[in-house]
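Beneath this line is the structure, given in structure tokens, with notes to follow.
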There are 2 protein chains.
Amino acid sequence: MATTARRGAPLTLDEIHAAALRLVDEGGVDALSMRKLAAELDVNPMSLYHHVPGKEALIQQICVAMADRLELPPDDGTPWQEQLRALALAYHALARAYPALFAYAYAHQQPGTDHESGIWAVLHRVLRAAGVAGPDLGRTGDVLHAFVSGFVLAETKGLIAEPGPAFDTAIDLIVHGLAGRS
Amino acid sequence: MATTARRGAPLTLDEIHAAALRLVDEGGVDALSMRKLAAELDVNPMSLYHHVPGKEALIQQICVAMADRLELPPDDGTPWQEQLRALALAYHALARAYPALFAYAYAHQQPGTDHESGIWAVLHRVLRAAGVAGPDLGRTGDVLHAFVSGFVLAETKGLIAEPGPAFDTAIDLIVHGLAGRS
DNA sequence: ACCTGAACACCGTTCAAGT
DNA sequence: ACCTGAACACCGTTCAAGT
């Protein structure tokens, strides 16, 4: 018999990730413990360590799983203002889908790790379309990423009184700021 | 004798806060444990609970202690662009002084708690000077706070490649965005 | 190869007891 | 009033042992 003692099927990394995402979704990152996760999967806590190096690594893994779910807007022919708004909306949607994990990912982000996969390519493409070039490109990209991250983070925390109008205000401010720079 | 068993002087809330800030400063919020804090103060772990309701409350307390150290720029007669920059710089300085705690405070901020004391008054004053009024005032204030918070957070995390120029880019973008709105 | 139980070194916090 | 020791219910993780 190849079946394990307590479960019908062997433990899977995807299974672990799904359960971990569920726990984090329900009670925040603090609610994720290796022991509770194992209980959720009906498995001995130590079995997890055969699929994952440790708790911190597991959290990193579900962070990139979240980042992979970011639906980057395609390069349709629409003006850069609209594409910038679409990108911000995608980021916004991701944060709303995984509020707790998004906040954790932003707070624990490391300089090297590029958790957002292709987001930088899209952002730079849009900025180039807006006429940003040379050394300004990298700086403006960093700034806009920080701005939008800060906004969606604040929004998911309930710190924005009127999220809808405030989102428009935010995008308008960025668009006018980009258009009106010296 | 009024002296305690292990220490010359009785435990003080200020003493606890100072030690907690030191621990967080050295190893991040995760490095703060009631037991390590007690050891640092040469005291039984349980003694802390006579001065503080619990760990989470203690962290909240040192967060407001940090917020109190925010040096808000005075209302000199300088143009609003300059005052906005000064306010952002003050926020920036606070984040650099307490990087770990600042990130924690932003990630765990609650809607009700106004951790930043007078910052909103200053921000709204500057925005009014910039010609923002009516329902735009609250929205724009929320947006700018989130933007600046996001930027200084990213900066303390080392996510901004060129912090100096990027800060200028960020302020310029906001200033032009405010000036050029419809 | 995959899983497990016991064990180690930690946590935050309660409670009854000390002075 | 302030402090303490023992205890409870948790953690993450190592390690040797099972199949």
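In what follows, chains are A, B, ... by sequence order, proteins preceding strands, each numbered from 1.
- Regarding B:L48, its CG atom lies at a distance of 15 Å from the C1' atom of D:dG5, rounded to whole Å.
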Per-nucleotide protein contact string for nucleotides 7-19 of chain D (B base, S sugar-phosphate only, - none; heavy atom under 4.0 Å): B---BBBB-----
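- Proximity of A:L87 to A:V148: side-chain heavy atoms (C-beta onward) are nowhere separated by under 4.5 Å.
- At the phosphate of D:dT4, OP1 or OP2 sits under 4.0 Å from a side-chain N or O atom of B:S47.
- Separation of atoms CZ (A:F151) and CG (A:L159) is listed at 10.5 Å; rounding is to 0.5 Å.
- Taking CG of B:D142 as the start and CD of A:E155 as the end, the distance is 10.5 Å to the nearest 0.5 Å.
- With A:W80 as the partner, the side chain to side chain contact (heavy atoms under 4.5 Å, CB included) test is satisfied by one option alone out of A:V132, A:L127, A:L178: A:L178.
- Taking a pair as Watson-Crick or G-U wobble with both distances under 3.5 Å, DNA chain C forms stems of 3 or more consecutive pairs at C:4-8 with D:12-16, C:12-16 with D:4-8.
- Atoms CG and CG, on A:L13 and A:L48 in that order, are 10.5 Å from each other to the nearest 0.5 Å.
- A distance below 6.0 Å separates the ring centres of A:F102 and A:Y91.
- Between the P atom of D:dA6 and the CG atom of B:N44 lies a distance of 10 Å, rounded to the nearest Å.
- Between A:M66 and A:A105 the shortest heavy-atom distance is CE-CB, 3.9 Å.
- One side chain, A:D76 or A:T78, offers a donor N or O that lies under 3.5 Å from an acceptor on the other.
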